[in-house]
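Any value given below was found using the heavy atoms of this structure, including those in side chains, with hydrogens, waters and symmetry copies removed. The residues of the chain are indexed from 1 along the displayed sequence.
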Amino acid sequence: MREIILQQPQKIVFGSGCIHTFVKDYLELGCRRLFILTAPPILPLIEEVLGQLCQAGIKTEIYDHIMAEPTIGDFKQICAAAQAFHADSVVGIGGGSVLDVAKLVATLFDGAQEVEDVFGIGFIRKKGLWLACLPTTAGTGSEVSPNAILLDERDKLKKGIVSPYLLADVAYVDPALTLTVPSKVTADTGMDALTHCIEAYTNKFAHPMVDMYALRGIELLAKNLRRAVENGSDLEAREACALGSLYGGLCLGPVNTAAVHALSYPLGGEYHIPHGLSNAILLPSVMKFNCPINQGKYAEVAIACGVSRGKDDDETAQRGVDFICQLSQAVGIPSHLDDIGIPKEAVPHLAKAAMEVQRLLKNNPREVTEQDAIDIYNTLYK
């Protein structure tokens with residue numbers, strides 16, 4: 001069995017209402033100047049927490065203008081705001097974009113490295129400010145991963161930064177923070193989390209220590225995502241999706257994702273399609289592409305989704321693909337790229353851009369050539 005390194009925060013707190021544990025823990029730290037990254041819809045959910053911090057004498061600065069697809073320029077503006085505030089600690093309370101930016105602000109706060117110089121794996125030289133992450137969507141798993149994504153506006157391509165120094169000191173996963181998330185965002189982010197788990201389990205570098213997280217994440221999300229989309233106040237379904245997302249996030253450091261994510265990045269970079277939506281549309285086609293190489297693993301994915309076993313692995317795996325298609329349709333995910341405004345003539349350029357994401361393509365169980373990428377994209381037009 002090959003060596004594997006599990007990377008995650010020193011402390012993970014899970015449970016509805018655990019945002020109050022964050023306050024308790026923070027007040028015991030000794031930090032006094034907290035830079036808070038969040039988004040306007042979240043502010044009403046954290047008013048009580050902000051009040052408790054202020055009553056305790058903590059100085060806070062709130063930045064709530066993070067875009068859905070943050071760029072390098074956005075990051076630099078936000079980091080400058082944190083520096084001007086003289087922050088000694090950072091918390092991200094929001095979706096994946098908020099958490100990714102919070103991780104980068106905390107890590108690159110001292111200005112010793114430019115963000116352009118750390119794209120890729122392992123280029124950050126040291127840890128930054130104390131950091132906590134509180135996700136408000138059940139999707140990206142960013143709260144427990146060593147990864148962050150920014151849109152490079154020059155290349156119109158989303159790029160990844162991977163480093164153990166990006167790990168939060170503490171992740172507080174409070175499913176109650178997801179109760180007000182709109183159904184569309186719940187669907188997009190839930191399918192993103194499901195993609196993390198499926199790509200980790202079927203990955204060329206899959207490992208038994210990560211498989212257990214991936215399979216359990218698939219089970220939880222496959223069973224509960226539709227419930228969470230149809231009834232946002234269903235706390236049991238929200239908790240299950242949050243836990244499934246957390247498990248998916250724990251897969252990202254040691255194994256990471258593969259071709260679905262690589263092919264989705266140009267959709268976000270060129271057309272600003274939400275990350276989870278891009279993954280959801282691509283997932284069935286990439287599964288079909290990979291199944292002949294990895295039938296056994298994809299059959300197990302199908303079983304984890306709750307479908308009955310077929311006469312052989314091939315039939316079982318196909319039932320899993322069919323289930324993903326049905327689930328996507330049930331939660332309102334479009335089936336085709338032209339449904340989201342991407343013209344077919346863009347396909348060659350998208351495929352060329354996807355080939356630049358070799359850090360993920362190398363993980364795919366089946367080699368993906370530029371022509372393969374073109375063929376996969378083309379299956380997604382009417």
- Task: Check whether any side-chain N or O of N363 sits under 3.5 Å from a backbone N or O of K204 as a donor-acceptor pair, and report yes or no.
- Result: no
- Tell me whether I124 is reachable from I72 by hopping between hydrophobic residues (I, L, V, M, F, W, Y) whose side-chain heavy atoms are closer than 4.5 Å. yes
- Message: Could you check whether atom NZ of K126 has more than 12 heavy atoms from other residues, nucleotides or ligands sitting under 6.0 Å from it?
- Response: no
- Message: I'd like to know if D372 pairs up with R366 as an ion pair, taking the criterion as any Lys NZ or Arg NE/NH1/NH2 lying under 4.0 Å from an Asp or Glu carboxylate oxygen.
- Response: no
- Judged by atom type as modelled, is there a donor-acceptor pair below 3.5 Å linking the side chain of D74 to the main-chain atoms of T71? yes
- So, K223 and E219, do they make that salt bridge, N to O below 4.0 Å? no
- Compare every heavy atom of L99 with every heavy atom of I93, then report the nearest pair and how far apart it is. N-CD2, 4.2 Å
- Out of curiosity, Y201 OH to M212 CE, how far, rounded to the nearest 0.5 Å? 13.0 Å
- Query: Are the charged groups of D234 and R238 less than 4.0 angstrom apart, N to O?
  - Reply: no
- Query: Should the ring pair F35 and Y63 be called parallel, tilted or perpendicular, given that the plane angle runs from 0 to 90° and is split at 30 and 60?
  - Reply: tilted
- Item | Candidate pair H275 and N279, rule side chain to side chain donor-acceptor pair (under 3.5 Å), full reasoning | CA-CA 6 Å; H275 177 65; N279 284 337; 3.1 Å; yes
- Side-chain donor or acceptor of K103 paired with backbone N/O of S142 under 3.5 Å: yes
- Message: Run D322 and Q318 through side chain to side chain donor-acceptor pair (under 3.5 Å) and show every step you take.
- Response: CA-CA 6 Å; D322 293 342; Q318 183 54 54; 2.9 Å; yes
- Is it the case that T316 and D313 place a side-chain donor and acceptor less than 3.5 Å from each other? no
- Message: Can you tell me how the ring of Y265 sits relative to the ring of H261, calling it parallel under 30°, perpendicular over 60° and tilted otherwise?
- Response: perpendicular
- Message: With a 4.0 Å cut-off on N to O distance, would you call E370 and K352 a salt bridge?
- Response: no
- Query: Going hydrophobic residue to hydrophobic residue with side-chain gaps under 4.5 angstrom, can you get from I36 over to V101?
  - Reply: no
- Message: I'd like to know if the side chain of T107 and the backbone of L104 have a donor-acceptor N/O pair within less than 3.5 Å.
- Response: no
- Message: Could you tell me if S183 and E230 have a donor-acceptor pair between their side chains, going purely by distance under 3.5 Å?
- Response: no
- Message: Any side-chain to backbone donor/acceptor pair from S163 onto F123? Under 3.5 Å, distance only.
- Response: no
- Would you say E199's side chain and V260's backbone share a donor-acceptor pair under 3.5 angstrom? yes
- Item | N-O pairing of K127 and D169 below 4.0 Å | yes
- Item | Ion pair R227/E236, N-O distance below 4.0 Å | yes
- Between T21 and Y172, is any side-chain donor less than 3.5 angstrom from a side-chain acceptor? no
- Query: Can you check whether F109's main-chain N or O pairs, donor with acceptor, with Q83's side chain at less than 3.5 Å?
  - Reply: yes
- Message: Under a plain distance cut-off of 3.5 Å, with no hydrogens placed, do N364 and N290 share a side-chain donor-acceptor pair?
- Response: yes
- Does the side chain of S308 come under 3.5 Å of the side chain of R319 through a donor N or O and an acceptor N or O? yes
- Query: Would you call E116 and K76 a salt bridge, taking side-chain N to carboxylate O under 4.0 Å as the test?
  - Reply: yes
- Query: Does the D192 side chain pair with the main chain of D188, one donor and one acceptor, at a distance under 3.5 Å?
  - Reply: no
- Query: Quick one: is the NZ or CZ of R125 closer than 6.0 Å to the six-membered ring centre of Y165, and within 45° of its axis?
  - Reply: no
- Query: Has the side chain of N256 got a donor or acceptor atom that lies under 3.5 Å from a matching backbone atom of G253?
  - Reply: no
